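Note: hydrogens, waters and symmetry copies are ignored here, and every other heavy atom, side chains too, is used. Sequence lines set the chain letters: A, B, ... in the order given, protein chains first and strands last, and positions in each chain run from 1. No experiment lies behind these values; they were computed from the predicted model shown.
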Amino acid sequence: MLTDNDVCCQAPSQVAVLCLVCRDISSGLHYGIHTCESCKAFFKRSVRRENQGQAPSACRSSGDCPVTWQRKTGCQACRFAKCLAAGMRREAVRPDQTRGGRRSAPTSSSYDERMKQFDGLDFFNRGRENVDTV
DNA sequence: TTTCAAGGTGACC
DNA sequence: GGTCACCTTGAAA
Ligand SMILES: [Zn+2]
Ligand SMILES: [Zn+2]
């Protein structure tokens, strides 16, 4: 029986938002941008690896592989680069294991704004030199 | 209470 | 070993 409030008005319009990294279906905002679970997990592992002091797999090319992201498992370096380029923030990755922790409003859209602030791909210019010794 | 997203965890490749 | 997908956690609205 579904006379009234059972399954009726629960978000019928699910607009499929695409992941800004791999163009997959986003499950929502993650690390500042719309990302799929794959990118979320990948970014988490990547950032965590950096925190451990281990450099990520360097790309054999100049970090300019023809990665189309239809096939994500190409170059992790390039994938990670695209993640950062898309606007994913390492700061959003908690150094602790504190779950939840909604830090201020996720700003919904920050992509273009972020790009302007960070001047596009300058993360490469800075990051390359100093992988960081945190 | 409900929502939203970050984290863990685990199954699949 | 890495990737993908789901569940839990945990604070903010
Ligand atoms: Zn993605
Ligand atoms: Zn590459």
Side-chain angles (χ1 to χ4, degrees):
Chain A
M1 242 194 180
L2 55 128
T3 16
D4 40 323
N5 54 334
D6 207 343
V7 187
C8 190
C9 344
Q10 277 226 327
S13 17
Q14 279 200 348
V15 183
V17 185
L18 300 181
C19 172
L20 287 169
V21 180
C22 66
R23 301 298 295 198
D24 208 337
I25 304 294
S26 281
S27 7
L29 271 76
H30 294 294
Y31 304 108
I33 61 165
H34 279 284
T35 60
C36 57
E37 289 296 299
S38 338
C39 291
K40 180 181 67 148
F42 181 76
F43 196 76
K44 185 173 41 173
R45 277 190 281 112
S46 301
V47 174
R48 191 172 296 169
R49 199 159 164 103
E50 284 185 64
N51 268 273
Q52 285 169 60
Q54 280 149 64
S57 320
C59 176
R60 287 193 30 159
S61 296
S62 306
D64 204 45
C65 290
V67 183
T68 324
W69 307 108
Q70 308 288 296
R71 201 197 192 91
K72 300 161 190 184
T73 36
C75 296
Q76 282 109 339
C78 288
R79 203 210 304 208
F80 189 56
K82 184 137 191 180
C83 284
L84 293 166
M88 290 180 84
R89 309 183 305 168
R90 307 217 303 254
E91 64 178 278
V93 182
R94 303 255 91 191
D96 247 301
Q97 297 168 270
T98 317
R99 290 193 203 161
R102 247 212 242 163
R103 269 190 56 117
S104 70
T107 347
S108 300
S109 43
S110 43
Y111 177 57
D112 31 285
E113 289 183 58
R114 293 282 160 195
M115 296 310 278
K116 288 173 186 173
Q117 276 188 79
F118 289 95
D119 206 49
L121 302 171
D122 83 66
F123 72 85
F124 241 111
N125 287 298
R126 297 183 299 173
R128 287 307 255 196
E129 213 182 331
N130 154 34
V131 182
D132 227 54
T133 18
V134 189

Side chains of F43(A) and R90(A): does their closest heavy-atom pair fall under 4.5 Å?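 Yes - at least one pair of side-chain heavy atoms lies under 4.5 Å apart.
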Is any side-chain heavy atom of M88(A) closer than 4.5 Å to one of T35(A)?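 The answer is yes, as the side chains (C-beta and beyond) meet within the 4.5 Å cut-off.
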Please state how far atom [atom1] in [X] lies from atom [atom2] in [N], giving the value in whole angstrom units.
X      : N      : atom1 : atom2 : answer
F43(A) : dC4(C) : CZ    : P     : 16 Å
E91(A) : dA5(B) : CD    : P     : 16 Å
L29(A) : dT3(B) : CG    : C1'   : 13 Å

So which protein N/O to nucleotides 1-3 of chain C N/O distances come out below 3.5 Å?
unit_1	atom_1	unit_2	atom_2	d
dT3(C)	OP1	R79(A)	NH2	3.2
dT3(C)	OP2	R45(A)	NH1	2.8
dT3(C)	OP2	R45(A)	NH2	3.2

Base versus backbone protein contacts along nucleotides 7-13 of chain B [heavy-atom cut-off under 4.0 Å; B, S, -]: BB-----
All side chain to side chain contact (heavy atoms under 4.5 Å, CB included) counterparts of R99(A), not counting sequence neighbours: none
So which heavy atom on [X] is nearest to which on [Y], and how close?
X      : Y      : answer
R89(A) : G32(A) : NE-CA, 4.5 Å
C22(A) : C39(A) : SG-SG, 3.8 Å
C83(A) : V21(A) : SG-CG1, 3.7 Å

Check this one for me: any side-chain N or O of H30(A) less than 4.0 Å away from OP1 or OP2 of dA6(B)? yes
Pairing residues for F42(A) by the ring-ring contact (aromatic ring centres under 6.0 Å, His included) criterion, not counting sequence neighbours: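 Residues passing ring-ring contact (aromatic ring centres under 6.0 Å, His included) with F42(A): none at all.
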Pairs meeting criterion salt bridge (charged side-chain N to carboxylate O under 4.0 Å, His left out) with involvement of residues 38-48 of chain A, two or more places apart: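 Listed once each, the pairs are E37(A)-K40(A).
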